[in-house]
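Each ligand, and each atom within it, is numbered from 1 in the order the structure gives.
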Amino acid sequence: MTDSPSITAYWDAAAADFDAEPDHGLRAKETRAAWSDLLTSWLPSGRSRVLDVGCGTGSLSELLAESGHRVTGVDLSPRMVDRARAKLSAAGLSGRFLVGDAAAPPTGDERFDVLLSRHLVWTLPDPEAALGEWVGRIRPGGTLILVEGRWRESGRSGVPYVAGAETLPWHGGVTADVLSAAVRPLVTELCIESLAGDAALWGGPVTDERYALVARV
Ligand SMILES: C[S@@+](CC[C@H](N)C(=O)[O-])C[C@H]1O[C@@H](n2cnc3c(N)ncnc32)[C@H](O)[C@@H]1O
């Protein structure tokens, strides 16, 4: 099994270089625009309350705040949260960022219009319990958006993920079929959108499975 302090330490250590990856930092205009367009297509029109779980350095939170949404980001890693706060502040945007476990986001009984999570579920010791918890944080009629995949490698290249990671249920990522089977009983509508074919999202072509699951609660 993995333990939470070693997971936090791993991501704290990853925070400084995290945005160097094209799909993390969204520094290229084309990549940024591609993610912005996707988020716009998934979110309802108007100003939504969005919970970004496992927000990392806040790149998607920033795009959402830019579009006028009210964003709350939660991440286990204090250094990721520091960077997310700094990123929005530097852009003159507002957002709330909290250090906390995705398994139980520290947002009390607040309900959100949208819960977004990108590339997180593979790290969770009990992802199915977390999904149940997340759906409970979304108002009836709200939207769950999970951007996920099944990768050839997990963890930063050359840096193995935490000891015991191979016992994580979705280590290496989760296929759309497996994630859909876990989410379907919790929601009223669900669709899968493949994201593997759009090289702009990733900073180049990819050959592994990448997709978004978008569901109505
Ligand atoms: C691959 S990164 C994705 C970050 C961000 N969602 C993105 O797409 O750029 C995974 C993030 O999940 C966070 N994380 C890992 N386990 C977590 C947990 N149990 N609770 C909250 N955040 C967690 C890490 O600190 C890291 O920021």
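- The single protein non-hydrogen atom nearest to atom 3 (C) of ligand 1 is R118 O, 3.5 Å, given as residue, atom name and distance.
- With a 4.0 Å cut-off on non-hydrogen atoms, A15 does not touch ligand 1 at all.
- For R32 and E66, the salt-bridge test passes: some basic side-chain N is under 4.0 Å from an acidic carboxylate O.
- Contact of the V183 side chain with the L146 side chain is registered, since non-hydrogen atoms from C-beta on lie closer than 4.5 Å.
- Summarising the local packing, CZ of R79 is surrounded by 12 or fewer heavy atoms from other residues, nucleotides or ligands at distances under 6.0 Å.
- Of all protein heavy atoms, the one closest to atom 4 (C) of ligand 1 is G54 O, 3.3 Å.
- With ligand atoms numbered from 1 in the order given, ligand 1 contributes 25 (O) to contacts under 4.0 Å with heavy atoms of S77.
- Within the 4.0 Å heavy-atom shell around ligand 1 one finds F18.
- When only interatomic distances are considered, the shortest N/O to N/O separation between L124 and ligand 1 does not fall below 3.5 Å.
- Taking distance alone, with nitrogen or oxygen atoms compared against 3.5 Å, H24 stays at or beyond that limit from ligand 1.
- T40 is not listed as a side-chain neighbour of L63, based on a closest heavy-atom distance of 4.5 Å or more.
- The protein atom (non-hydrogen) at minimum distance from atom 10 (C) of ligand 1 is H119 O, 3.7 Å.
- For E110 and R139, the salt-bridge test fails: no basic side-chain N is under 4.0 Å from an acidic carboxylate O.
- For the pair W122 and ligand 1, the shortest N or O to N or O distance does not fall below 3.5 Å.
- Electrostatic pairing of D19 and K87 counts as a salt bridge here, judged by a charged N lying under 4.0 Å from a carboxylate O.
- Residue G100 approaches ligand 1 through these ligand atoms, each under 4.0 Å from one of its heavy atoms: 20 (N), 21 (C).
- Not one N or O on the side chain of R184 forms a donor-acceptor pair closer than 3.5 Å with the backbone of L179.
- Every N/O-N/O distance between V53 and ligand 1 stays at or above 3.5 Å.
- Taking atom 14 (N) of ligand 1 as the reference point, the nearest protein heavy-atom neighbour is L120 CD1, 3.5 Å.
- In summary, D109 and R111 do not engage in a salt bridge, as defined by a charged side-chain N under 4.0 Å from a carboxylate O.
- Between atom CZ of residue F97 and atom CE of residue M80 there is a gap of 13.0 Å, rounded to the nearest 0.5 Å.
- Residue contact check for ligand 1: S59 places no non-hydrogen atom closer than 4.0 Å to it.
- For S61 against V71, the heavy-atom pair with the smallest separation is OG-CG1, 3.5 Å.
- Shown in contact with M80 at under 4.0 Å from a heavy atom are these atoms of ligand 1, numbered in order with element: 27 (O).
- For ligand 1, one of its N or O atoms has an N or O atom of D101 under 3.5 Å away.
- Within the set T57, D12, D75, the minimum heavy-atom distance to atom 11 (C) of ligand 1 is found for D75.
- Polar contact with ligand 1: present for A102 (N/O pair, distance under 3.5 Å).
- Here the protein heavy atom with the shortest distance to atom 22 (N) of ligand 1 is L76 N, 3.1 Å.
- Interface of T123 with ligand 1, defined as ligand atoms under 4.0 Å from a residue heavy atom, comprises 15 (C), 16 (N).
- Cation-pi geometry between R118 and W35 is met: under 6.0 angstrom from the ring centre, within 45 degrees of the axis.
- A distance of 6.0 Å or more separates the ring centres of W134 and F112.
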